[in-house]
Number of protein chains: 2
Amino acid sequence: MSLRHAILVLLQDQEASGYDLAREFANSIGLVWNATHQQIYLELGKLNDQSMVKYRHIPQDGKPDKKLYRITDEGRDELIRWLRKPAAPPRIRDAFMVKIAGGDLSDSASILRELDDQTDLRRERLNTFESLASKLDDTSRDRDLFTYLTLRRGILDQQAWLHWADEVRSALKKREEQPVSVPTSV
Amino acid sequence: MSLRHAILVLLQDQEASGYDLAREFANSIGLVWNATHQQIYLELGKLNDQSMVKYRHIPQDGKPDKKLYRITDEGRDELIRWLRKPAAPPRIRDAFMVKIAGGDLSDSASILRELDDQTDLRRERLNTFESLASKLDDTSRDRDLFTYLTLRRGILDQQAWLHWADEVRSALKKREEQPVSVPTSV
DNA sequence: AGTTGCTGCGCAATCCGTTGAATAAGTAGT
DNA sequence: ACTACTTATTCAACGGATTGCGCAGCAACT
C-alpha cells in the first residue's frame, strides 16, 4: 500500500497533475514502482479526501482543464511517518522468469526470440538512465543525491540483466552444439 | 495472472502439496514470483476445478492429512500455450526504493540502518543461491539448465544490489564529511 | 505447565490493480 | 477528409492479493 507514498514523494518537489504523475510513473519512478493512470487518479482522489494533498483547478483552452495537486502538511507528515517504518518486502512478479524456470517445455528458438526483445528494452532503458545520470554533474549530484542513487540502481540492474542474458545465450548455444538427448521433464 | 503458471511449472517436476509449494515460493521461485499460502491454496482449488491438476488425499498420523497435487495433461497443455505467448512485463513494487527516492526527508542514520538490514538479507540469499548453483555440477547443469540459469539470475541480481548498497554507503559518508547545507526539499 | 514453532488446510472481508470504456478538443500526419 | 496521437479526467466491473482468522495435533524448548 505505498502507491500513495510514491505519489507523495513526487509531489514533494513540484505541483503536478494526475497526467504529469502518470508520465513520471512511466519513466523515472516506474523503475521502482509502476502504476497506470487510472490507479493514480483514484489514489489522488483518496489522498484528497484525506487532505494529504489539495489541488487547484486550472481551466485551459485548447486542452482539457486540469487539476494541479500539491502536497499538504498532513501529507508530508504521513510521508515522514511512513519513511520511518521498515519497508514492506518487494513483491516480485516476473512472468518472463517463470517462463525461463519452465524452459524445458519451450524450444530454444522462442526463448531466444523473447530474450532478444527483452534485451532491446533493457538496453534502451540503460541508455535513458545513463544519459539522465550523466546530466547530473558533480554539483547537482549533491543536491539530487537520491535521484542519482535511484538512477544508479536502475543502471546496475539493467547491466546485471544484460550480463545474465549473455550467459543464457551462450548456454543455449553450447547446448545446441552438443545436443545431448534432453528428457521431457526432469 | 500467472501464479497458476508458476505453480504448474513447479508441479511439472514433482507431485507436491500446497504446503510444499508455499515453501518453494518462499525460496527458489520466490526470487521470481512470490505468493502466500492462502493464495496458493486458492489457486490450487481453481486449477483443480479446471482439471489442470488433480490430487490424491494422503492421510498421515502425527501430522495433518495432506493433498498431493500433480499436473494433468490439460495442465501441461495450458502451460505450453502460456509459454508460447509473450510474457507480461514485470510489475515492480519496491517500497524500499521509494523510500530512497524520498530520501531527502529521511535522516542518513535511519536509511543506513535499513540498508544494512537489507544487505544482510541479500547476502544470505546470495550464499543460498551460490551453494545451490555449485551443487549443480557440470553434468547435471545440462539436465537442469533452466534451474541453473534461474539461480544465476538470482546471483547476479544480489551482487548488483550489494554493489549498489556500497555506492550508497560511500555517497552518504562523503555527504556527511562535507555537510553542505541541504535544503529541506529539492 | 506454558509458549513457541512446524505441518497442513481453509474461509471471508477488504483492498489493490487491471481492463475497458467514455468524453472532449486540439494537433500532426497520410 | 480521415486517422492517429496527445492532453486530461473519470467510471464501472472484475479479478488478483493481502490481512486476519480458525482449526488441529505434535515436537521442542523454557
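Chain naming here is simple, since letters A, B, ... match the order of the sequence lines and numbering starts at 1 in each.
- Checked by atom type and distance alone, the side chain of B/E130 never pairs as donor or acceptor with a backbone atom of B/I155 at under 3.5 Å.
- The footprint of chain B on DNA chain C, defined by a heavy-atom cutoff below 4.0 Å, extends from C/dC6 to C/dT18.
- Within the helix from C/dA1-D/dT30 to C/dT30-D/dA1, the inter-axis angle between the opening and closing five-pair segments is 40°, rounded to 10°.
- Looking at B/T72, its side chain does come within 3.5 Å of a backbone N or O of B/M52 through a donor-acceptor pair.
- Looking at residues two or more places apart in sequence or on another chain, you find no ring-ring contact (aromatic ring centres under 6.0 Å, His included) involving A/F96.
- Here the range on DNA chain D touched by chain A, meaning any atom under 4.0 Å from one of its heavy atoms, is D/dT6 to D/dT18.
- The side-chain heavy atoms of B/T147 and B/L132, taken from C-beta on, include no pair separated by under 4.5 Å.
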Please report the C-alpha distance between A/R70 and A/Q12 in whole Å, then the side-chain angles of each, then the deciding distance to 0.1 Å, and finally whether the side-chain hydrogen bond (donor to acceptor under 3.5 Å, both in side chains) criterion is met. CA-CA 8 Å; A/R70 68 172 61 192; A/Q12 212 200 315; over 6 Å; no
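- Between the side chain of A/W164 and the backbone N or O of B/L149 there is at least one donor-acceptor pair closer than 3.5 Å.
- Non-hydrogen atoms lying under 4.0 Å from DNA chain D are contributed by B/Q38, B/Q39, B/K46, all within residues 25-56 of chain B.
- Under the 3.5 Å distance criterion, the side-chain polar atoms of B/T128 are matched with a main-chain donor or acceptor of B/E124.
- A heavy-atom distance below 4.0 Å to DNA chain D is reached by these residues of residues 81-97 of chain A, ordered by number: A/R91, A/R93.
- Between A/E78 and A/R81 there is a salt bridge, since a side-chain N of the basic residue sits under 4.0 Å from a carboxylate O of the acidic one.
- Judged by distance alone, the side chain of B/R93 and the main-chain N or O of A/N34 form a donor-acceptor pair under 3.5 Å.
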Please evaluate residues A/K46 and A/D49 with respect to the criterion salt bridge (Lys or Arg N to Asp or Glu O under 4.0 Å), reporting the C-alpha separation (whole Å), side-chain torsions for both, the decisive distance (0.1 Å), and the verdict. CA-CA 5 Å; A/K46 286 187 202 166; A/D49 293 344; over 6 Å; no
Should B/S17 and B/D20 be marked as a side-chain hydrogen bond (donor to acceptor under 3.5 Å, both in side chains) after you check the CA-CA gap, both sets of side-chain angles, and the distance that decides it? CA-CA 5 Å; B/S17 67; B/D20 295 334; 3.1 Å; yes
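- No donor-acceptor distance shorter than 3.5 angstrom exists from the side chain of B/E24 to the backbone of B/L10, with no hydrogens or angles considered.
- Between the A/D94 side chain and the B/P90 main chain, no donor and acceptor come within less than 3.5 Å of each other.
- Listed for the A/K67 side chain is no donor-acceptor partner under 3.5 Å among the backbone atoms of A/R56.
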B/D116/B/R169 under salt bridge (Lys or Arg N to Asp or Glu O under 4.0 Å): CA gap, chis, key distance, verdict: CA-CA 10 Å; B/D116 289 343; B/R169 266 181 277 264; 2.6 Å; yes
